[in-house]
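See below for the structure under consideration.
We're numbering straight along the sequence, starting at 1. When a ligand or atom number is given, it counts from 1 through the structure's own listing order.
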Amino acid sequence: MTKTFNIASIPGDGIGPEVTAEGFKILQTIEKLDPSLRFQSKEFPWGCEFYSRHGKMMDDDGIEQLKPFDAIYLGAVGYPGVPDHISLWDLLLRIRKSFDQYVNIRPITLLDGVTSPLRSEYADIDMLVIRENSEGEYAGAGDRLFQGTKEEVALQTGVFSRKGTERIIRYAFEEARAAGKSVTSISKGNALNYSMVFWDEVFEEVSRDYPGITTYSYLVDAASMFFVTDPARFEVVVTSNLFGDILTDLGAGLTGGLGLAAGANVNPTKEYPSMFEPIHGSAPDIAGGQKANPLAAIWSVSQMLDFFGEEAWGKKVLQAIEKTLTDGDVLTPDMGGTATTAEAGSKVASCLESMMEK
Ligand code: NAD
Ligand code: IPM
Ligand code: MN
């Protein structure tokens, strides 16, 4: 019996279209290798170019249009000419929030074949960062008062609900239980005397339901140092929206760069589609020249396959990425190579094909 998955594709801006094309190349390769799987996609031309023509980042009923899909595959959003807070809020953050994609799963793993900038003895890196993705510092609550006057004030209020805090921490514990790993909470209760004190209390409460799981709790400043000096101490990490954003770019820097870091925005209830995307942005500095590394976007395809319940394929895609890295002959400039985006994507596809021939 054929299984068909419907994917809404939003290539977006800058390098987004270049890297998502390679993600689809991998899905097409899987279709060839496994005729029982079908990936149907529909492309949505939303992004900054769309904004320049229509004055909005997506159709008014865009969220309705996306609802029936099994997943959304997104490249990147944001380009000079459209203020970032408009482009990102009207498209990316709108999708994350409308579909209650409250879990942001970001693996920070040093794959074989990648040299970390850390001294090798410190470079034992394999953590799963679970970032709260629906509220916190990104709640969008605030105001601009007395604009343009000397009394001007900007307010940006963090919103940490019991429901939102508890469900993300619980999600992290469930992941840790399944993997037999520890959970580390990263917060900042010493300075953020309401929100993060509350976060720490909820972490403590939830941890009581998981007596077999080892827990650690760090302040985000010290945690940032330990990411660099002793990353091996982190296994499953749970943290707030903003801290998770920053820490995962730091993690990416330790494990091969933004060209290699993937993320999944998941609604675990599956009531609405989840969204898969590299964690990097639209990289205007290299866009349009086939210079972008597609491996992050391909890794998010691996996460999408896991989410579809096709874990065996998810794993094979990750292995094909790793083989591409250990072979080292077809890599993009950010990884020290000379290959184009398309050549790097084709290399992963051919690694996948040759793995299947064995
Ligand atoms: P960025 O991630 O786009 O780029 C940071 C640096 O990393 C740049 O030097 C870039 O060339 C490099 N880089 C990123 N991805 C790469 C890849 N795949 N291969 C090789 N090099 C890569 O971050 P930025 O420059 O801070 O932001 C640019 C735009 O992207 C802004 O508009 C920002 O708001 C937006 N942004 C969007 C997303 C998203 O859509 N998920 C994420 C982050 C930033
Ligand atoms: C990310 C991005 C987004 C975020 C921006 C573009 C709003 O940096 O996915 O990491 O902060 O979540
Ligand atoms: Mn980010």
Exercise for the section: Please indicate, with yes or no, if any protein heavy atom is found under 4.0 Å from atom 19 (N) of ligand 1? Expected result: yes
Exercise for the section: For D230 and Y122, indicate whether the former's side chain and the latter's backbone hold a donor-acceptor pair under 3.5 Å. Expected result: no
Completion exercise
among protein heavy atoms, the one nearest atom 31 (C) of ligand 1 is D84 OD2, 3.5 Å
Practice task
Kindly assign one of parallel, tilted or perpendicular to the pair Y216 and Y218, based on the angle between their ring planes and the thresholds 30° and 60°.
Solution key: parallel
Problem - Distance-only polar pair, side chains of Q65 and D59, donor-acceptor under 3.5 Å - result: yes
Handout entry: Nearest non-hydrogen partners of I168 and V238, listed with the distance
Key = O-CG2, 3.8 Å
Practice task
Pull out every atom of ligand 1 sitting under 4.0 Å from any heavy atom of E277, numbered as shown with elements.
Solution key: 41 (N)
Problem - N293, portion touching ligand 1 at heavy-atom distance under 4.0 Å - result: both
Problem - Element-labelled atoms of ligand 1 that are located less than 4.0 Å from some non-hydrogen atom of A292 - result: 19 (N)
Problem - Which residues share a side chain to side chain donor-acceptor pair (under 3.5 Å) with D90, sequence neighbours left out - result: none
Problem - Any side-chain heavy-atom pair of L247 and V129 under 4.5 Å - result: no
Problem - atom 1 (P) of ligand 1: the protein heavy-atom neighbour that sits closest, reported with distance to 0.1 Å - result: G281 N, 3.5 Å
Handout entry: Any side-chain donor near an acceptor of the partner, K25 and S346, under 3.5 Å
Key = yes
Completion exercise
Note: P284, heavy atoms under 4.0 Å from ligand 1, region reported as side chain
Practice task
State, with a plain yes or no, whether a side-chain heavy atom of D126 is found less than 4.5 Å away from one of F234.
Solution key: no
Exercise for the section: Identify whether the distance between the nearest side-chain nitrogen and carboxylate oxygen of R162 and E205 falls below 4.0 Å. Expected result: yes
Problem - Non-hydrogen atoms of A252 and A261 that approach each other most closely - result: CB-CB, 3.7 Å
Exercise for the section: Please indicate how many protein N/O/S atoms are found closer than 2.8 Å to the Mn ion (ligand 3), with waters neither displayed nor included. Expected result: 1
Exercise for the section: For the pair F5 and F39, name the ring-plane relationship: parallel under 30°, tilted 30 to 60°, perpendicular over 60°. Expected result: parallel
Problem - Pairwise side-chain contact, I130 with V237, heavy-atom cut-off 4.5 Å (strictly under) - result: no
Completion exercise
Residue, atom and distance of the protein heavy atom nearest atom 29 (C) of ligand 1 read S282 OG, 3.2 Å
Exercise for the section: Report yes or no: does I279 have a heavy atom closer than 4.0 Å to ligand 1? Expected result: yes
Exercise for the section: In plain terms, say whether D221 and K188 are close enough for a salt bridge, that is, a side-chain N and a carboxylate O under 4.0 Å apart. Expected result: yes
Handout entry: 4.5 Å side-chain heavy-atom contact, F99 and L66
Key = yes
Exercise for the section: Establish whether atom 24 (P) of ligand 1 and some protein heavy atom are separated by less than 4.0 angstrom. Expected result: no
Practice task
Answer yes or no: does an N/O atom from R96 fall short of 3.5 Å to an N/O atom of ligand 1?
Solution key: no
Problem - Closest approach of any protein heavy atom to atom 39 (C) of ligand 1, naming residue and atom - result: H280 O, 3.8 Å
Fill in the blank from the handout: Between N265 and the options R106, Q101, E277, R131, the side chain to side chain donor-acceptor pair (under 3.5 Å) test singles out E277
Problem - Where ligand 1 meets A283 - atom numbers and elements under 4.0 angstrom, heavy-atom basis - result: 3 (O), 10 (C), 11 (O), 14 (C)
Exercise for the section: Would you mind reporting whether V77 and L74 have side-chain heavy atoms less than 4.5 Å apart? Expected result: yes
Practice task
Kindly indicate whether the side chain of M127, heavy atoms from C-beta on, has any atom under 4.5 Å from the side chain of P231.
Solution key: yes
Problem - Worked verdict on K347 versus D327 for salt bridge (Lys or Arg N to Asp or Glu O under 4.0 Å) - result: CA-CA 10 Å; K347 168 76 185 182; D327 284 358; 2.8 Å; yes
Handout entry: A76: numbered ligand 1 atoms lying under 4.0 Å from its heavy atoms
Key = 40 (O)
Handout entry: ligand 1 to K291 polar contact by distance, N or O atoms, under 3.5 Å
Key = no
Handout entry: Cation-pi check, R167 onto F173 ring (under 6.0 Å, within 45° of axis)
Key = no
Exercise for the section: Could you tell me whether atom 27 (O) of ligand 1 has a protein heavy atom closer than 4.0 Å? Expected result: no
Fill in the blank from the handout: Ranked by distance from atom 10 (C) of ligand 1, the top protein heavy atom is D285 OD1, 3.4 Å
Please produce the table of protein N or O atoms sitting under 3.5 Å from N or O atoms belonging to ligand 2, one pair a line, distance to 0.1 Å.
| unit_1 | atom_1 | unit_2 | atom_2 | d |
| --- | --- | --- | --- | --- |
| ligand 2 | 8 (O) | D245 | OD1 | 3.2 |
| ligand 2 | 9 (O) | R96 | NH2 | 2.7 |
| ligand 2 | 9 (O) | R106 | NH2 | 2.8 |
| ligand 2 | 10 (O) | R106 | NH1 | 3.2 |
| ligand 2 | 10 (O) | R106 | NH2 | 3.0 |
| ligand 2 | 10 (O) | D245 | OD1 | 2.8 |
| ligand 2 | 11 (O) | Y138 | OH | 2.5 |
| ligand 2 | 11 (O) | D245 | OD1 | 3.4 |
| ligand 2 | 12 (O) | R96 | NH1 | 2.7 |
| ligand 2 | 12 (O) | R131 | NH1 | 3.2 |
| ligand 2 | 12 (O) | R131 | NH2 | 2.8 |

Problem - I15, portion touching ligand 1 at heavy-atom distance under 4.0 Å - result: side chain
Exercise for the section: Mark up the atoms of ligand 1 that fall under 4.0 Å of a heavy atom belonging to L88, in ascending order. Expected result: 34 (O)
Practice task
Mind checking ring pair (Phe, Tyr, Trp, His ring centres under 6.0 Å) for F276 and listing every partner two or more places apart, or none if nothing turns up?
Solution key: F307
Practice task
Identify the protein heavy atom lying closest to atom 21 (N) of ligand 1, giving its residue, its atom name and the separation to 0.1 Å.
Solution key: I286 CD1, 3.6 Å
Practice task
Record the part of T332 in heavy-atom contact with ligand 1 below 4.0 Å; permitted values are side chain, backbone, both and neither.
Solution key: neither
Exercise for the section: Name the closest protein heavy atom to atom 6 (C) of ligand 1, giving the residue it belongs to and the distance to 0.1 Å. Expected result: L258 CD1, 4.2 Å
Exercise for the section: Return yes or no for this condition: an N or O of V77 is under 3.5 Å from an N or O of ligand 1. Expected result: yes
Exercise for the section: State, to 0.1 Å, how close G140 and Q156 come at their nearest heavy-atom pair, and which atoms those are. Expected result: CA-NE2, 4.2 Å
